[in-house]
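Below is one structure, written out as structure tokens, with a few remarks after it.
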Number of protein chains: 2
Amino acid sequence: MDPGGNIMVSSKTIGRLSQYRRLLQNLLGDGREFVFSHELATMAGGTAAQVRRDVMAVGHLGSPSKGYGVSALLGSIADYLDGADILGVALVGVGNLGRALLAYFVGRHPTLELKAAFDCDPAKIGRVIHGCRCLPMEEMARVVEEERIKVGVITVPAEDAQRVATVLWQAGVLGIVNFAPVRLWTPASVHVEQIDLTTVLEQAAFFARRQDKDAGKEVGR
Amino acid sequence: MDPGGNIMVSSKTIGRLSQYRRLLQNLLGDGREFVFSHELATMAGGTAAQVRRDVMAVGHLGSPSKGYGVSALLGSIADYLDGADILGVALVGVGNLGRALLAYFVGRHPTLELKAAFDCDPAKIGRVIHGCRCLPMEEMARVVEEERIKVGVITVPAEDAQRVATVLWQAGVLGIVNFAPVRLWTPASVHVEQIDLTTVLEQAAFFARRQDKDAGKEVGR
DNA sequence: TAGATTGTTAATCGATTAACAATC
DNA sequence: TAGATTGTTAATCGATTAACAATC
């Protein structure tokens with residue numbers, strides 16, 4: 001069981017650590033030297049115990065009555081999340097969402113480098129969008145292999161997503177963020193993070209509707 | 001405790017039901033009459049037991065050896081997720097991501113209606129983007145109240161998100177989808193769905209990096 | 001010291017998984 | 001009937017929460 005020694009840390013934990021990092025960067029900018037677990041908890045929207053557990057997971061120790069050293073904890077989290085090397089990222093599908101993600105991406109991740117974007121629309125190919133060159137779909141496999149790209153972001157229509165994913169992992173990609181509303185099949189060694197924007201809206205709508213109904217009842221409408 | 005009788009169903013369950021609905025619509029289009037739990041499970045990326053549990057939650061009964069009637073189950077899920085009335089939605093922040101979401105939204109949700117989009121950029125105000133009129137930020141409270149909008153989507157920069165959220169819930173919004181990387185404070189009666197695009201990318205990168213390292217070890221590099 | 005927070009351990013909670021009789 | 005799936009119940013697993021001694 002678990003031959004590679006993997007999957008000991010949940011995706012949720014990584015997400016929270018990534019949040020803490022951003023919060024700590026802000027605190028560092030404000031000149032804060034120490035921070036308590038409950039402060040981070042309220043900022044990140046969790047509990048103090050959860051923050052302590054996460055911090056312990058990265059092997060950092062805090063000090064009673066002072067809390068956690070901001071810059072030291074930031075370093076510990078960075079060591080944990082990032083590697084020594086820069087990881088290449090490719091974006092596939094330069095539509096509305098793809099362009100939005102390119103804009104989001106620009107200059108935010110010191111340890112991630114967007115190496116290429118791919119699209120099948122001839123009008124987009126060759127153009128530089130948000131500082132990233134748009135290449136034709138046919139070159140995807142070659143470029144991903146040559147540039148040793150390990151992370152792929154899929155923002156193509158649902159019907160093309162699986163085909164793109166297959167090309168990506170066959171070319172060596174190990175982590176995929178998929179915005180297409182389709183379940184992707186990949187080998188177990190390839191991590192897929194599924195983001196379903198349509199579903200998210202329906203979730204919010206469901207709870208809004210129920211709350212609205214309940215409120216109506218209370219008033220006795 | 002729990003005076004309104006709420007929060008008996010998790011956000012996860014709603015997300016899965018929303019997925020099933022989409023899958024069932026496809027099956028219906030293909031002319032399929034019945035579907036088994038394990039078929040839905042493989043399509044949605046879960047287990048058969050999970051599908052059965054979710055289906056039971058909406059009060060639908062299947063038949064052994066035939067499975068679930070596609071159109072009947074679709075109806076049950078729609079009854080559960082949707083109400084009789086159409087719910088109004090507002091989008092705040094017509095940047096790259098906002099425009100992408102507007103495009104996503106167009107003509108997909110029969111029970112949700114995008115009533116307005118808001119932005120503070122004078123160049124955008126008055127323009128119609130993907131069939132939705134862009135209004136100035138100052139009119140947000142008034143329009144949301146008048147149109148009885150209950151769902152808000154926030155795609156403004158992090159520093160403006162809390163201010164926008166406060167205006168929204170004070171004007172009667174009960175469900176919020178927040179794409180800004182900030183934790184929002186709202187009353188407990190207002191549901192917030194947090195989507196952190198930056199964090200998602202870091203999650204995928206983390207697992208890709210670890211897998212890459214492990215693969216390197218195996219080869220004995 | 002008193003007070004608050006830390007890391008650690010035990011208890012609780014929820015969700016997932018497995019087991020099984022009932023049904024077509 | 002035999003076979004497969006259903007709804008239902010019990011067992012397991014994991015994560016969260018509570019409790020507590022140690023520390024500054």
Side-chain angles (χ1 to χ4, degrees), chain A residues 1-2 5-17 19-20 23-24 27 32-74 76-77 80 183 188 194 203, chain B residues 1-2 5-20 23-24 27 32-74 76-77 80 183 194 203:
Chain A
M1 304 280 168
D2 202 5
N6 282 343
I7 314 171
M8 37 197 168
V9 147
S10 73
S11 178
K12 270 190 178 177
T13 304
I14 302 303
R16 285 197 302 263
L17 288 172
Q19 272 187 71
Y20 302 153
L23 294 169
L24 288 166
L27 289 172
R32 277 287 293 274
E33 287 192 33
F34 288 91
V35 64
F36 289 125
S37 56
H38 60 84
E39 293 180 286
L40 276 176
T42 51
M43 286 189 280
T47 66
Q50 199 169 51
V51 170
R52 288 209 292 272
R53 195 158 22 86
D54 293 338
V55 168
M56 279 169 52
V58 304
H60 186 86
L61 290 183
S63 131
S65 83
K66 288 206 288 182
Y68 300 98
V70 171
S71 73
L73 179 53
L74 196 52
S76 298
I77 292 178
Y80 188 83
R183 198 77 197 183
Q194 178 74 30
Q203 285 174 22
Chain B
M1 303 283 166
D2 202 4
N6 284 343
I7 316 173
M8 37 198 167
V9 147
S10 73
S11 178
K12 270 191 180 178
T13 305
I14 303 302
R16 285 197 302 262
L17 288 173
S18 164
Q19 270 188 72
Y20 302 154
L23 294 169
L24 289 166
L27 289 173
R32 275 287 293 274
E33 289 191 31
F34 288 92
V35 65
F36 290 125
S37 56
H38 60 83
E39 292 179 285
L40 276 176
T42 50
M43 286 189 280
T47 66
Q50 198 169 52
V51 170
R52 289 210 291 272
R53 193 159 21 87
D54 293 337
V55 169
M56 281 168 51
V58 303
H60 185 87
L61 289 184
S63 131
S65 81
K66 288 207 287 183
Y68 300 98
V70 171
S71 74
L73 179 53
L74 196 52
S76 297
I77 292 178
Y80 188 83
R183 198 78 198 182
Q194 177 75 29
Q203 285 173 23

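Chain letters run A, B, ... following the sequence lines, proteins first and then strands; every chain starts at 1.
- Every side chain to side chain donor-acceptor pair (under 3.5 Å) that B/Ser11 has, sequence neighbours left out, goes to A/Gln203, B/Glu193.
- In this structure B/Thr13 satisfies the side chain to side chain contact (heavy atoms under 4.5 Å, CB included) test together with B/Val9, B/Ser10, B/Arg16, B/Leu17, B/Asp54, sequence neighbours excluded.
- In 5' to 3' order, the nucleotides of DNA chain D bounding all contacts with chain A (an atom under 4.0 Å from a heavy atom) are D/dT16 to D/dC24.
- DNA chain C contains the following stems of three or more consecutive Watson-Crick or G-U pairs, with both distances under 3.5 Å: C:3-24 with D:3-24.
- Listed by residue number, B/Gln50, B/Arg53 are the residues of residues 49-57 of chain B with a heavy-atom contact under 4.0 Å to DNA chain C.
- In this structure, OH in B/Tyr20 is found 14.0 Å from CG in B/Leu74, a value given to the nearest 0.5 Å.
- By the side chain to side chain contact (heavy atoms under 4.5 Å, CB included) test, B/Thr47 is found to be paired with B/Ala49, B/Gln50, residues two or more places apart in sequence or in another chain being considered.
- Contacts between residues 63-70 of chain A and DNA chain D, defined by a heavy-atom separation below 4.0 Å, involve A/Pro64, A/Ser65, listed by number.
- With values rounded to the nearest 0.5 angstrom, B/Ile77 atom CD1 is found 5.0 Å from B/Leu24 atom CG.
- In terms of the side chain to side chain contact (heavy atoms under 4.5 Å, CB included) criterion, residue partners of A/Ser63 (sequence neighbours excluded) are, by chain and number, A/Lys66.
- In this structure, CG in B/Leu61 is found 8.5 Å from OH in B/Tyr68, a value given to the nearest 0.5 Å.
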Which pairs would a plain distance check flag for residues 33-44 of chain A, meaning a side-chain donor or acceptor within less than 3.5 Å of a matching protein atom at least two apart in sequence or in another chain?
| from | atom 1 | to | atom 2 | distance (Å) |
| --- | --- | --- | --- | --- |
| A/Ser37 | OG | A/Arg52 | NH1 | 3.4 |
| A/Glu39 | OE1 | A/Arg32 | NH2 | 3.1 |
| A/Glu39 | OE1 | A/Phe36 | N | 2.8 |
| A/Glu39 | OE2 | A/Arg32 | NH2 | 3.1 |
| A/Thr42 | OG1 | A/His38 | O | 3.3 |
| A/Thr42 | OG1 | A/Glu39 | O | 2.8 |

